[in-house]
Amino acid sequence: MTPPTSRTWARRGSTPVIRVRGRSQRRFSIAALCCYKPGERSRLIYRPRRHTDHKGGGRKSFAWTEYRDLLIAAHQQLDGPIVLICDNLNVHKDRRMRAFIDAQDWITAYHLPPYAPDLNPVEGIWSVLRRTSQANTSFTDPDHLIRRLRHGLRQIQYRSDIIDGCLTGTGLTLTTPRLQGQ
């Protein structure tokens with residue numbers, strides 16, 4: 001991950017240059033859900049994962065089982081049905097994932113249209129994360145990066161107004177006909 005720069009300075013007439021050591025071959029993934037339940041504060045539920053064997057032919061991203069486990073954990077934390085709006089990542093459309101969702105009566109799933117990141121509230125979370133806890137930071141090692149990611153995501157978790165802003169920024173309605181009567 002190249003360090004995002006939010007603000008820097010240099011002497012007048014000289015362009016600031018940020019030097020970054022060679023690119024790491026390590027790989028991290030984060031899966032997240034922005035959750036809204038009427039009458040309660042918005043929540044962010046996430047799972048980071050460090051891929052240790054991605055160069056040796058191992059997975060370079062989350063498997064469908066890890067997304068399934070995240071949905072189960074969210075269902076237990078929220079204690080209610082889930083309306084899942086997911087992007088068109090190939091794992092989200094996997095036949096096993098679809099079969100799991102179809103077998104659960106507590107999940108209603110909708111897929112966003114292709115190339116519509118403006119409708120995905122999690123993209124707003126990534127933007128906030130890069131502009132706050134990740135900005136102007138050069139990571140010393142992979143552990144430093146994952147610590148900063150966890151710290152930044154934890155800060156966002158405690159600020160439900162940020163999550164509300166990301167949900168509102170999509171322009172999607174936060175109520176569904178199925179849940180309004182409850």
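Counting from 1, the numbers follow the sequence of the chain as shown. We use all heavy atoms of the structure for the numbers below, so side chains are in, but hydrogens, waters and symmetry mates are not.
Within the 4.5 Å cutoff, the side chain of Tyr46 has no heavy atoms near those of the Val122 side chain. Annotation: side chain of Leu71 is in contact with side chain of Met97 (closest heavy-atom distance under 4.5 Å). At a threshold of 4.5 Å between non-hydrogen side-chain atoms, the residues Phe28 and Pro48 do not count as touching.
Here the shortest heavy-atom pairing between Leu44 and Cys34 reads CD1-SG, 4.3 Å. Considering every non-hydrogen atom in both Asn88 and Pro114, the closest pair reads ND2-N, 3.3 Å. Closest approach of Cys35 and Leu167 over heavy atoms only: O-CD1, 4.5 Å. Pairing each heavy atom of Ser133 with each of Gln155, the nearest pair is CB-OE1, 4.4 Å. The two residues Ser29 and Ser61 have their closest heavy-atom pair at OG-CA, 3.8 Å.
Contact check on Arg47 versus Glu66 returns no salt bridge, with no Lys/Arg side-chain nitrogen under 4.0 Å from an Asp/Glu carboxylate oxygen. Using a cutoff of 4.0 Å between basic side-chain nitrogens and carboxylate oxygens, Arg50 and Asp143 are scored as salt-bridged.
Judged as a salt bridge (Lys or Arg N to Asp or Glu O under 4.0 Å), and not counting sequence neighbours, the contacts of Lys37 are Glu40. Shown here are the side-chain contact (heavy atoms from CB on, under 4.5 Å) partners of Ala116, two or more places apart in sequence or in another chain: Pro113, Asp118, Leu119. Under the salt bridge (Lys or Arg N to Asp or Glu O under 4.0 Å) criterion, Arg154 pairs with no residue at all, not counting sequence neighbours. Not counting sequence neighbours, the partners of Thr65 by the side-chain contact (heavy atoms from CB on, under 4.5 Å) test are Ala63, Arg68.
Sorted by first and then second residue, the pairs that involve residues 74-105 and meet ring-ring contact (aromatic ring centres under 6.0 Å, His included), not counting sequence neighbours, are Tyr67-His92, His75-Trp106. Pairs of residues two or more places apart, or lying in two chains, that qualify as ring-ring contact (aromatic ring centres under 6.0 Å, His included) and include a residue from residues 140-164 are Phe139-His144.
Atom CH2 in Trp126 sits 8.0 Å away from atom CD1 in Ile156 (nearest 0.5 Å). Between Ile101 atom CD1 and Arg96 atom CZ the span is 13.0 Å, to the nearest 0.5 Å. Residue Gln157 holds its CD atom at 7.0 Å from CD1 of Ile163, rounded to the nearest 0.5 Å.
Between the side chain of Gln134 and the main chain of Leu129, no donor-acceptor pair closer than 3.5 Å is present.
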- Start with the C-alpha gap between Leu153 and Ile30, add the side-chain angles, then the distance that decides, and say whether side-chain contact (heavy atoms from CB on, under 4.5 Å) holds. CA-CA 10 Å; Leu153 288 167; Ile30 303 173; 4.1 Å; yes
